Amino acid sequence: MCGIFGYIGKKDPVKTAIDGLKRLEYRGYDSAGIAGVKDGKILFCKEVGKVAQLEKEVEKQQFSLDIAIAHTRWATHGEPTVPNAHPHVDMMGSLAVVHNGIIENYSEIKEALSAEGVRFSSETDTEVVAHLIAKNYKGDIIAAVQESVKRLKGAYALAIVHRDFPDRIIAVAHESPMVIGVGGQEAFVSSDPNAFAAFTKKVVFLSKSEIAVVEREKLAVYNVELQKISKEETELEISATDISKGHFEHYTLKEIFEQPVTVANAMSGRFSTDLGTALLNGIEDHLPNLGSTSRILILACGTSWHAGYVASYFFEEMAQIPVEVEISSEFRYKNPIVAPNTLVVAISQSGETADTIAAVRELKAKGARLLSICNVQGSTLARESDHTLFLNAGPEVGVCSTKAFTSQIVVLFLLSLFLARRRHMSRDEGKRVLAALTSLPDAIKSILNKSGEIERLAKKYAKFENFFFLGRQYMYPTALEGALKLKEISYINANGYPAGEMKHGPIALISPDCPTVALLGNKKTFDKMLSNLMEVRARKGEVIAITEEGFVKEISKITQDFIEVPQTIDELSPVLSTVVTQLFAYFVAKERGCDIDKPRNLAKSVTVE
Ligand code: M6R
């Protein structure tokens, strides 16, 4: 993971780099650091914790640089300490390096360098790069970087500054993202173009160990054989977005409350009520024969995987297409068989999840067609896909994914409707499901109006250390998602489980100390869920029910702690029930005093395997 930012230009390099890092903090926030050249010397400043800590320190020291590289870290090798924070420098203090990725053969290189007398001051894999470049440096920094990169195995994006070259940053990328922003009399280096989009949208992406020499008004890119190559400049269609919290205490809460709008944005312009179908304009230009898709393979991680899991039910139910949903990190080690007419659907809010990208690269190499569902324009996944359906949800800053999940379901639902209407679904049926879809924003608003009720329940249950989240059919992946939210932001052990499986073992854990969040929003399995909840109650387990309006009589037999959501079709019930579980997790985490927007050990974008 980790975020890299670099700047050369007329602006204050330290301030510009710190501002850039703030936009990259979603990639990790264990420590942060900045280095650069000043009066022919390499200077650096590093702090444990978030970028705000580093900002305070540079202000205190009146730290100043002529050019800067900076880094926000998600620890892989070594704890979050100052010595392990990037940038890393060589023994003579002649150069500094920041890195995103993992150097897989670092121990072998470290051993060899140690035998030659190099002393290491951190436990990181990155430090070997600094010493390796210093060892290979004979006056030509590009040659030294090339020589060093040839020895590296793994994934890396690197930015390097050397005291002998106070006017350039050397950037390298292999399997980790690195983008150079050009134009005007300045240049940027970043893991994500959104970090400098306010200044330029003209970019050059690096890959395959390409080495870029970045100067104020000049960019030269070399392949790993050091042949100069011409790289296409891309004009990105991204805008510099506002990432303020508004009047909300946390980004997570703001993003939960944005959902009436983000869900509306996800569907906007993408359906025709008259025709009872989805309009995914232009999709067939990029994915010809979409209509003859005979198998769908969904790949994703975390919350995006849960959205894919929900969608697998409606692709089969509505479009009657067989679906497989795979966790990318598992799938990539299979030897996939890509049958003809398979549509690969990769889902990723960030578009930077390393496992998903690796899995789809393997599939593309095998000739598969790739459709991605993404939130971030210009992301690696979007650039590598045959076509992308964007969520249009705006930046999701909170590490726990909320609005992206509900938007993903909406977009996947529209895709399913599109395929279903090409096959057997009637116009009237299409109109019926569209009516349910278009009523979601108002339904979400009515749930948000109950946040006080949900907060009261959250306060009552915040003391428990173990939870079950149970559901059936559409409510099973919804239960997984509810449990994930609770564990990641409140650090409570929460198990999402298919309710029918409880009696095959996990019911042994039910006790007065382990409450169950019961997701009853699936009409088809409502009665079966009630029976399972009776079994929980018989073992003195507390139940918090999330149910559709109109079932109070049945629910009251089980619990008085319930939240009602508006009625919808089963396919879309995960959207509404999830808004409740998001608020529940939020208020529990708040009650427990957790760092909600930046939970411990996590990063928003998981860019290492
Ligand atoms: O950016 P992606 O959607 O590919 O990210 C996938 C997961 O890392 C992400 O959903 C993660 O599980 C979130 N922290 C969940 O809230």
Side-chain angles (χ1 to χ4, degrees), residues 1 3 24-29 74 177 191-192 194 250-253 255-256 259 262 266 298-311 325-332 345-360 370 372-382 384-385 388-391 393-409 411-412 469 477-478 480-492 494 496 578-579 581-586 589 594-609:
M1 271 100 95
L24 293 173
E25 219 173 5
Y26 70 88
R27 304 175 73 90
Y29 38 79
W74 185 82
S191 306
D192 173 353
N194 286 291
H250 295 98
Y251 284 109
T252 304
L253 190 63
E255 287 158 9
I256 293 172
Q259 290 176 110
T262 52
I298 298 177
L299 289 166
C301 300
T303 287
S304 297
W305 178 68
H306 297 155
Y309 206 144
V310 168
V325 201
E326 297 268 5
I327 294 176
S328 310
S329 56
E330 286 300 312
F331 179 80
R332 55 182 301 196
V345 178
I347 311 169
S348 174
Q349 187 284 132
S350 61
E352 297 296 346
T353 298
D355 284 315
T356 301
I357 290 167
V360 298
L370 173 61
S372 62
I373 315 276
C374 231
N375 196 32
V376 180
Q377 308 251 355
S379 58
T380 306
L381 183 63
E384 295 194 11
S385 300
T388 303
L389 292 170
F390 287 102
L391 303 181
E396 191 181 62
V397 179
V399 165
C400 104
S401 188
T402 52
K403 62 178 178 175
F405 177 77
T406 47
S407 296
Q408 284 163 343
I409 292 182
V411 172
L412 288 158
F469 280 67
T478 312
L480 293 178
E481 175 59 9
L484 178 62
K485 291 299 85 121
L486 190 64
K487 50 188 154 202
E488 72 180 323
I489 62 172
S490 71
Y491 318 142
I492 288 172
T578 295
V579 178
T581 57
Q582 290 168 349
L583 283 169
F584 182 74
Y586 173 82
C594 299
D595 188 349
I596 297 177
D597 285 335
K598 293 196 173 81
R600 70 184 183 203
N601 305 339
L602 297 183
K604 178 92 187 136
S605 199
V606 184
T607 58
V608 292
E609 285 178 44

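Here the structure is a predicted model, which is why all the values come from computation and not from measurement. Counting starts at 1 for both ligands and their atoms, in listed order.
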> Stepwise, does the side chain to side chain contact (heavy atoms under 4.5 Å, CB included) test hold for S191 with E352?
Replying inline: CA-CA 10 Å; S191 306; E352 297 296 346; over 6 Å; no
Could you list which atoms of ligand 1 come closer than 4.0 Å to a heavy atom of [X]?
X: S304; value: 2 (P), 3 (O), 10 (O)
X: C400; value: 16 (O)
X: C301; value: 6 (C), 7 (C), 10 (O)
X: S401; value: 15 (C), 16 (O)

N/O of [X] under 3.5 Å from N/O of ligand 1, yes or no?
X: K604; result: no
X: G302; result: no
X: K485; result: yes
X: S348; result: yes

Note the single closest protein heavy atom to [atom], along with its residue, its atom name and the distance in Å.
atom: atom 16 (O) of ligand 1; value: E488 OE2, 2.3 Å
atom: atom 1 (O) of ligand 1; value: S350 OG, 2.6 Å
atom: atom 8 (O) of ligand 1; value: V606 CG2, 3.7 Å
atom: atom 5 (O) of ligand 1; value: T353 OG1, 3.5 Å

Under a 4.5 Å cut-off applied to non-hydrogen side-chain atoms, are [X] and [Y] in contact?
X: L391; Y: Q408; value: yes
X: R600; Y: D595; value: no
X: W305; Y: L299; value: no

>> Heavy-atom pairs closer than 4.0 Å: do any link ligand 1 to the side chain of T303, the backbone, both, or neither?
In response: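 Both parts.
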> What heavy-atom pair brings E488 and S401 nearest, and what distance separates the two atoms?
Replying inline: OE2-N, 4.3 Å
> So, does V399 sit close enough to ligand 1 that a heavy atom of it is under 4.0 Å from the ligand?
Replying inline: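 In this structure, V399 qualifies as a contact of ligand 1 - some heavy atom is under 4.0 Å.
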> Is a salt bridge present between E25 and K598, judged by a nitrogen-to-oxygen distance below 4.0 Å?
Replying inline: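 Between K598 and E25 there is a salt bridge, with a charged N closer than 4.0 Å to a carboxylate O.
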> Do E481 and T303 pass the side chain to side chain donor-acceptor pair (under 3.5 Å) test, and can you show the C-alpha distance, the side-chain angles, and the key distance before you say yes or no?
Replying inline: CA-CA 6 Å; E481 175 59 9; T303 287; 3.0 Å; yes
>> Checking the side chain of Q259 only, and the main-chain atoms of I256 only, is there a donor and an acceptor separated by less than 3.5 Å?
In response: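 Looks like yes, one N/O pair under 3.5 Å.
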> Do T578 and K485 get their side chains close enough for a donor-acceptor pair, meaning under 3.5 Å?
Replying inline: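 Side chains of T578 and K485: no pair found under 3.5 Å.
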